[in-house]
Amino acid sequence: MPELPEVETIARGLAKRISGDVIESVWLGSKPEPLKSPASEIEAALRGKRISTVRRLGKHIVFDLESASGSASAQWIVHLGMTGSLLVCPPGLELEKHTHAVLQLASGRELRFVDPRRFGRLSVIEKFEAPGAEPLQIAFDDFAVLFHKRKTPIKSALLNQSLLSGVGNIYADEALFRARIRPRRRAASLTRDELRRLHQALKTVLKEAIKLGGSSVSDYVDADGEEGFFQLKHRVYGREGKPCRICKTPVKRIVIAGRSSHYCPRCQK
DNA sequence: ACTATGTCCTGCGAGC
DNA sequence: TGCTCGCAGGACATAG
């Protein structure tokens, strides 16, 4: 569900609310759970640990843990998949359907992981490193190299997490619109000027979305239960048949690599 | 090594 | 009202 701006918003909200809190106990749901690490390992790594920070890497949420003595411990990594959410709530609250993990915190609150579609993943690792580059940090030359000689459509390349970490379907479409590039273009066919525009557009759209708390399509809310507002700024995503905000030509929707892709046939070349 | 395709899940809204 | 169908913000395995 969430892409970089939504994950960033969630991580910031969690950092604000639960940094410094201590995990007293851990409950992990039964049967086919979305656990990448064994349940016993996750429980052992979390129980009794202090959450020193919460931050985002790619589409992953990283919980930096400390042991009681204050030394750095393993990291708890949460990937929300399409429909995952992390909720901070009072202990009495009835368990929502599809709750897969509950952490009791020393402050009396609970941190819950809920995920109906179960594409989300929980894991524990010493030091997590995202496979791809951070789109908000990558320099232009490194960005350009990523697409060098790639025959795949630029849209697919943007979604490839081992190239760039954090770009998903919405922001790929939105960045390509702003850069005036059609999603089906072969990545290697982009000119240097187009690559510059794409690099800039991607950073701009991601930053703007973070500012607005992400895009709330369907039921996304952040750690405080707040909706994002970037969906109001979408120029092509989810706007099939509606007039392009620049030239009024109806926005087209096509399927690339099984993902719906939206673009303006007039503005994007 | 790179690329295209299918699959994992549940829920929701559109259309009949 | 109730059913079926298609679709959903992701990532991985597999096959070519």
Are Asp21(A) and Arg50(A) close enough, and set up right, to give a salt bridge (Lys or Arg N to Asp or Glu O under 4.0 Å), and what steps lead you there?
CA-CA 6 Å; Asp21(A) 217 331; Arg50(A) 177 176 176 275; over 6 Å; no
Separation of [X] atom [atom1] from [N] atom [atom2], in whole Å?
X: Lys151(A); N: dA4(B); atom1: NZ; atom2: C1'; value: 12 Å
X: Phe119(A); N: dA11(C); atom1: CZ; atom2: C1'; value: 9 Å
X: Leu80(A); N: dC9(B); atom1: CG; atom2: P; value: 19 Å
X: His100(A); N: dC9(B); atom1: NE2; atom2: P; value: 12 Å
X: Arg184(A); N: dA4(B); atom1: CZ; atom2: C1'; value: 13 Å
X: Lys97(A); N: dC9(B); atom1: NZ; atom2: P; value: 16 Å
X: Asn160(A); N: dA11(C); atom1: CG; atom2: C1'; value: 11 Å
X: Arg259(A); N: dG6(C); atom1: CZ; atom2: P; value: 19 Å

Shortest side-chain distance from [X], nucleotide among [options]:
X: Glu3(A); options: dA4(B), dT10(B), dG10(C); value: dG10(C)
X: Pro116(A); options: dA8(C), dG10(C), dT10(B); value: dT10(B)
X: Pro153(A); options: dT10(B), dG11(B), dA4(B); value: dA4(B)

Is the closest basic N to carboxylate O distance between [X] and [Y] below 4.0 Å?
X: Arg56(A); Y: Glu6(A); value: no
X: Arg178(A); Y: Asp173(A); value: no
X: Arg185(A); Y: Glu194(A); value: yes

Looking only at side-chain N and O atoms, does [X] come under 4.0 Å of OP1 or OP2 in [N]?
X: Arg117(A); N: dG11(B); value: no
X: His98(A); N: dG11(B); value: yes
X: Arg150(A); N: dT3(B); value: yes
X: Arg253(A); N: dA8(C); value: yes
X: Lys149(A); N: dA1(B); value: no
X: Ser260(A); N: dC7(C); value: no
X: Lys36(A); N: dC12(C); value: no

May I ask you to check whether Tyr171(A) and Phe230(A) place their ring centres under 6.0 Å from each other?
yes
How far does the [atom1] atom of [N] sit from the matching atom of [M], given to the nearest Å?
N: dC12(B); M: dA11(C); atom1: P; value: 23 Å
N: dC3(C); M: dC9(B); atom1: P; value: 25 Å
N: dC12(C); M: dG11(B); atom1: C1'; value: 23 Å

Ignoring hydrogens and angles, answer whether the base of dA11(C) and the side-chain atoms of Arg121(A) contain a donor-acceptor pair closer than 3.5 Å.
no
Residues touching DNA chain B, which here means a heavy atom under 4.0 Å, drawn from residues 127-139 of chain A
none
So, [X] and [Y]: side-chain donor and acceptor under 3.5 Å apart, yes or no?
X: Arg109(A); Y: Ser107(A); result: yes
X: Asp193(A); Y: Thr191(A); result: no
X: Thr53(A); Y: Asp64(A); result: yes
X: Thr204(A); Y: Glu208(A); result: no

Give a yes or no on whether Lys252(A) atom NZ has more than 12 heavy-atom contacts from other residues, nucleotides or ligands under 6.0 Å away.
no
Give a yes or no on this: more than 12 heavy atoms of other residues, nucleotides or ligands lie within 6.0 Å of atom CZ of Arg186(A).
yes
Applying a strict under-4.5 Å side-chain criterion to I, L, V, M, F, W and Y, I'd like to know whether Leu136(A) and Leu212(A) cluster together.
yes
Should the ring pair His199(A) and Phe143(A) be called parallel, tilted or perpendicular, given that the plane angle runs from 0 to 90° and is split at 30 and 60?
tilted
Here the residues of residues 168-179 of chain A within 4.0 Å heavy-atom distance, strictly under, of DNA chain C are Gly168(A), Asn169(A), Ile170(A)
Dot-bracket for DNA chain B, please. Rules: Watson-Crick or G-U, both distances under 3.5 Å, ( ) within the strand, [ ] when a pair crosses earlier ones, | for another strand, . otherwise.
.|||||||.|||||||
